[in-house]
Amino acid sequence: MPPTGEYEPSPYAPVADQVELYERTGGAEGGTLQGKPVIILTTRGAKSGKIRKTPLMRVTDGTRYAVVASQGGAPTNPFWYHNIVADPHVSLQDGATVLDYTARLAEGEERRKWWALAVAVWPDYEEYRTKTDREIPVFILEPS
Ligand SMILES: C[C@H](OP(=O)(O)OC[C@@H](O)[C@@H](O)[C@@H](O)Cn1c2nc(=O)[nH]c(=O)c-2cc2ccc(O)cc21)C(=O)N[C@@H](CCC(=O)N[C@@H](CCC(=O)O)C(=O)O)C(=O)O
């Protein structure tokens, strides 16, 4: 069951603009960051109940995805982390395809596996890890 409701664009214009471009072109534009593939995650706002859309690096094993709440190594988790914790039913757009997923926090060996996949896609995740005391959350998205 995908999150439904009123979409509230991010107040951070580069994010809102990238979401708009990605959705309008099916990922043909706005679909990369420094040449690496990006997806759009849709969550329901934990406080507002509004629909939130967030560009994130594309980390996948072909069926499932991982989303990494790195926020560049900031000391706090991004808002979308709190949204997933409140409601794990999300949707994800990869290119022109939008599918529904159920998110769960990766832990232990599974987290190590997905962290390695994420760093292979976006090596900067390792740098972010050294910049903060928080353990950067990794969610695994299972097809709903
Ligand atoms: C900017 C802010 O977004 P955020 O959810 O904190 O997420 C911060 C960043 O993670 C987000 O900007 C990402 O898109 C940055 N980012 C990545 N961020 C990552 O953490 N990981 C990535 O892999 C990643 C890749 C990436 C690729 C391209 C790109 O352009 C950006 C990328 C935002 O939109 N805030 C809104 C909405 C916040 C929200 O969802 N509020 C909830 C309440 C949440 C709560 O407090 O409980 C609600 O509506 O109810 C606001 O301040 O009004």
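Just so you know, ligand 1 is whichever comes first in the structure, and atom 1 is the first atom listed for that ligand. Just the heavy atoms: all of them, side chains too, but no hydrogens, waters or symmetry mates, feed the values below.
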Please compare Tyr125, Trp122, Tyr22 and report which has the shortest non-hydrogen distance to atom 23 (O) of ligand 1.
Tyr125

What is the closest protein heavy atom to atom 12 (O) of ligand 1, and at what distance does it sit?
Val15 CG2, 3.5 Å

Within the 4.5 Å heavy-atom criterion, are Leu99 and Pro143 side-chain neighbours or not?
no

Note, Arg58 side chain near Thr32 side chain (heavy atom, < 4.5 Å):
no

In short, Thr132 meets Gly73 closest at the heavy-atom pair CB-O, 3.4 Å

Do Glu142 and Pro88 come within less than 4.5 Å of each other through their side chains, counting heavy atoms only?
no

Heteroatom proximity flag, Ala46 to ligand 1, N/O under 3.5 Å
yes

Partner set under ring pair (Phe, Tyr, Trp, His ring centres under 6.0 Å) for Tyr22, not counting sequence neighbours:
none

Return the CG to CD distance between Asn77 and Glu135, rounded to the nearest 0.5 Å.
10.5 Å

With a 4.0 Å cut-off on heavy atoms, does Lys50 reach ligand 1?
no

What atoms of ligand 1 come within less than 4.0 Å of a heavy atom belonging to Val68?
19 (C), 20 (O), 21 (N), 22 (C), 23 (O)

Does atom 3 (O) of ligand 1 have a protein heavy-atom neighbour under 4.0 Å away?
no

Could you tell me, atom by atom, which parts of ligand 1 come under 4.0 Å of a heavy atom of Thr54?
11 (C), 13 (C), 14 (O)

Taking only non-hydrogen atoms of Gln18 and a 4.0 Å limit, the atoms of ligand 1 in range are 28 (C), 29 (C), 30 (O)

Would you kindly confirm whether Val59 and Leu56 end up in one hydrophobic cluster when ILVMFWY residues are joined by side chain heavy atoms under 4.5 Å apart?
no

Atom indices of ligand 1 within 4.0 angstrom of Ser10 heavy atoms, with elements:
1 (C), 33 (C), 34 (O)

Taking only non-hydrogen atoms of Gly45 and a 4.0 Å limit, the atoms of ligand 1 in range are 48 (C), 49 (O), 50 (O)

Is Ile140 reachable from Ile84 through a run of hydrophobic residues whose side-chain heavy atoms are each under 4.5 Å from the next?
no

Return the closest protein heavy atom for atom 10 (O) of ligand 1 as residue, atom name and distance.
Trp80 NE1, 3.0 Å

Pull out every atom of ligand 1 sitting under 4.0 Å from any heavy atom of His82, numbered as shown with elements.
45 (C), 47 (O)

As an exercise, identify every atom of ligand 1 less than 4.0 angstrom from a heavy atom of Gln71.
6 (O), 8 (C), 19 (C), 20 (O)

So which heavy atom in the protein is nearest atom 52 (O) of ligand 1, and how far is it from that ligand atom?
Phe79 CE1, 3.6 Å

Looking at non-hydrogen atoms alone, which of Ala74, Gly72, Ala66, Pro55 comes nearest to atom 16 (N) of ligand 1?
Pro55

Salt bridge present between Arg112 and Glu109 (N-O < 4.0 angstrom):
yes

Polar contact flag for Ala69 and ligand 1 (N/O pairs, less than 3.5 Å):
no

Atom 36 (C) of ligand 1 sits nearest the protein heavy atom Pro11 CD, 3.4 Å

Which residue supplies the protein heavy atom nearest to atom 22 (C) of ligand 1, what is that atom called, and how far is it?
Leu56 CD2, 3.5 Å

Criterion ring-ring contact (aromatic ring centres under 6.0 Å, His included) against Tyr65, the qualifying member of Tyr101, Phe139, Trp114
Tyr101

Numbered atoms and elements of ligand 1 in range of Leu33, under 4.0 angstrom, heavy atoms
27 (C), 28 (C)

Shortest protein contact, atom 44 (C) of ligand 1 (heavy atom only):
Asn83 OD1, 3.4 Å

